[in-house]
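These notes are about the structure you will find just below.
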Protein chains: 2
Amino acid sequence: MATSRSRRFKDDVFEQFTRIGKAVASPKRLELLDILCQGPRTVDVLAGHAGLSLANASQHLQVLRTARLIEAEKSGLFVTYRLADGVEGFYLDLRRLAEARLAEVEATTRAYLEERGAMESVDSDALLQRALSGDVTVLDVRPPEEYRAGHLPNARSVPLSELRSRLGELPKDREVVAYCRGPYCVLAIEAVRVLREEGYTAVRLESGPPDWRAAGVPVEASS
Amino acid sequence: MATSRSRRFKDDVFEQFTRIGKAVASPKRLELLDILCQGPRTVDVLAGHAGLSLANASQHLQVLRTARLIEAEKSGLFVTYRLADGVEGFYLDLRRLAEARLAEVEATTRAYLEERGAMESVDSDALLQRALSGDVTVLDVRPPEEYRAGHLPNARSVPLSELRSRLGELPKDREVVAYCRGPYCVLAIEAVRVLREEGYTAVRLESGPPDWRAAGVPVEASS
DNA sequence: CGATTAGTCAATAGACTTCTTGAGTATGCG
DNA sequence: CGCATACTCAAGAAGTCTATTGACTAATCG
């Protein structure tokens, strides 16, 4: 009978698909993918960002690599991991599905924002358009190397750590739009808090470079 | 320090995303999703198709349901599960990523096809256009209820089990294009084998209704 | 009413995963 | 050369997931 043979074929195929599923079945690995969406990184930078021991991070990266979601390149002492083709898009799809289907995601986010006193509802698309228009001061508050890897056309790089000391550069009478890595990065939330304390009109743009790339919004490199 | 609080926030968010990942981290659950792409089904039909015991199928369905990928509706003795919004697209994205990144998927498929003596390479898009054009006989070899739930505009329903006895309905001088549920369903492969044995010129269209819906190809219901 | 059917629930053995620890390897630097 | 750095590998304890079993519930039918 052909059935048992086709059963084995199906089992094999779904087993293969599962390699992708298993790769994204751990919160730490999703976090690593999220960080890698910002650009290639070495193992200990990744470990630091995700709050993992070096050995543990390395192990998770192996899993992602066997699922072919990331690629490694060794140069000197350092191993640099980067996302494979098509993976950024898939990660964003997964995130979008989670946001759409799991009310808990929104609840968690809202709880955090309220705690930080940063509750607000801004039309994200309209805000992005304003950021692109040049009518507002646009701040990229991520570390400088991430700014260099890609940023909004008229954003200026002011890392959160330097924000307080560089307030002089920012005109007080102009609205400020701050962004960072994306909706689940907290840098811009902090930046907006600081700016408001100092009397600025400031809002956070929730999206980040990975979202813009996926949406076809221009993202400049360097400068 | 704000860091530990934001650490907890991130952990929570990624934990939530992981619910989707975990749901698609088991081959059996992916198979259930695949079947549900064809339309709503009751628990024991799903169990039968996926080769699972009733209790085990029910358990897997609970997991998918807590991840909100599927929805249940009870009517009388039967519980009918259906895909939630946006899930069909996500499943197809996952499958596409697996096909693109994992050479093993293609290898497994090729091995099965060769074993069945069905190796061939047809330009899938061109074949779909021909199937839509009306110049060939288009056969939907799935069970009739699946045909009713959605099929190509000029396909006729000839379930694989009835194919041999209904060959009289099919003109011998016209090329036949057979399709079933999609690339990993074996019904059309068998159908093409039977047709060729009987002297027909027959090819398999690899895609299926879920693919066409995602691509905007018209898919009729009933009739 | 009692029997039947469709499905869920609960418990458990066995298999897999995760994180940790400590050792091992390769490269570069003084 | 010896030593430091960046990373990987291997082993094991603790936790999680899967499939199976048998009992349980809810709806239907005679």
Side-chain angles (χ1 to χ4, degrees), chain A residues 7-8 10-12 14-33 35-36 40-67 69-82 145, chain B residues 7-8 10-12 14-33 35-36 40-67 69-82 145:
Chain A
R7 180 76 259 162
R8 217 175 310 140
K10 273 195 194 172
D11 286 353
D12 279 3
F14 287 112
E15 193 81 46
Q16 296 293 344
F17 292 172
T18 298
R19 288 168 59 190
I20 308 282
K22 287 201 169 129
V24 295
S26 140
K28 294 304 183 184
R29 285 198 290 271
L30 280 178
E31 188 164 3
L32 290 169
L33 286 179
I35 301 164
L36 285 170
R41 294 281 181 282
T42 62
V43 181
D44 64 0
V45 168
L46 287 164
H49 272 284
L52 297 170
S53 73
L54 193 68
N56 196 7
S58 175
Q59 251 161 174
H60 280 302
L61 290 165
Q62 301 304 319
V63 174
L64 290 170
R65 200 163 70 135
T66 6
L69 298 185
I70 62 176
E71 284 156 9
E73 194 192 346
K74 180 155 188 174
S75 106
L77 271 181
F78 297 86
V79 175
T80 302
Y81 282 93
R82 75 186 64 244
E145 64 277 17
Chain B
R7 180 76 258 160
R8 217 174 312 138
K10 273 194 194 175
D11 286 353
D12 279 3
F14 287 112
E15 193 81 45
Q16 297 293 344
F17 292 172
T18 298
R19 287 169 59 190
I20 309 282
K22 288 203 170 127
V24 295
S26 139
K28 293 304 182 185
R29 285 197 291 269
L30 279 177
E31 188 163 3
L32 290 169
L33 287 178
I35 301 164
L36 286 170
R41 294 281 181 282
T42 61
V43 181
D44 63 0
V45 169
L46 287 163
H49 272 285
L52 297 170
S53 73
L54 194 68
N56 195 7
S58 175
Q59 250 161 177
H60 279 302
L61 290 165
Q62 301 304 320
V63 174
L64 290 169
R65 201 164 70 138
T66 8
L69 298 185
I70 62 176
E71 284 155 9
E73 195 193 345
K74 180 155 190 176
S75 106
L77 270 180
F78 298 86
V79 175
T80 303
Y81 282 92
R82 73 186 65 242
E145 62 276 18

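Every chain is numbered from 1, with letters handed out A, B, ... down the list of sequences. Values reported hereafter were calculated over all heavy atoms of this structure, with side chains retained and with hydrogens, waters and symmetry mates removed. Treat the numbers as computed from the prediction; the structure is a model and nothing was measured.
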Next on the checklist: Quick check: on DNA chain D, is the nucleotide nearest A:L77 upstream (toward 5') of the one nearest A:A72, or the reverse? Name the residue that is more 5'.
Outcome noted: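 Of the two residues, A:L77 wins.
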Whole-Å distance separating the [atom1] atom of [X] from the [atom2] atom of [N]:
| X | N | atom1 | atom2 | value |
| --- | --- | --- | --- | --- |
| A:L52 | C:dT18 | CG | P | 12 Å |
| B:L61 | C:dT8 | CG | C1' | 11 Å |
| A:Q62 | C:dT18 | CD | C1' | 15 Å |
| B:E15 | C:dT18 | CD | C1' | 13 Å |
| B:R65 | C:dT8 | CZ | C1' | 10 Å |

Checklist outcome for this item: Under a 4.0 Å heavy-atom cutoff, the residues of residues 53-60 of chain A touching DNA chain C are A:A55, A:N56, A:Q59, A:H60
Checklist entry - Pick from B:L36, B:L54, B:T80: which one makes a side-chain contact (heavy atoms from CB on, under 4.5 Å) with B:L46? => result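 That would be B:L36.
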Item to check | Shortest non-hydrogen separation from B:R29 to B:K22 and the atoms involved | outcome: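 Taking every non-hydrogen atom into account, NH2-O, 2.9 Å.
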Checklist outcome for this item: Walking DNA chain C from its 5' end, the first of A:K74 and A:A25 to be reached, judged by nearest nucleotide, is A:A25
Checklist entry - Mind checking whether A:V79 and A:L61 have side chains closer than 4.5 Å, heavy atoms only? => result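 Side chain of A:V79 against side chain of A:L61, heavy atoms only: no contact under 4.5 Å found.
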Next on the checklist: If you apply the rule salt bridge (charged side-chain N to carboxylate O under 4.0 Å, His left out), what do you find for B:R41 with B:E73, and how did you get there?
Outcome noted: CA-CA 10 Å; B:R41 294 281 181 282; B:E73 195 193 345; over 6 Å; no
Checklist entry - Any donor and acceptor pair, going by atom type alone, linking the side chain of A:R19 with main-chain N or O of A:A67 inside 3.5 Å? => result no
Next on the checklist: Any side-chain to backbone donor/acceptor pair from B:S53 onto B:N56? Under 3.5 Å, distance only.
Outcome noted: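 It does hold such a pair.
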Checklist outcome for this item: Value for OG1 (A:T18) from CD (A:Q16), rounded to nearest 0.5 Å, stands at 9.0 Å
Checklist entry - Roughly how far, to the nearest 0.5 Å, is CG of A:D44 from NE2 of A:H49? => result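 Nearest 0.5 Å value for the NE2-CG distance: 10.5 Å.
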Next on the checklist: Going 5' to 3' along DNA chain D, between which two nucleotides do contacts with chain A fall, using a heavy-atom cut-off of 4.0 Å?
Outcome noted: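 Under 4.0 Å from chain A, the extent on DNA chain D is D:dT5 to D:dA11.
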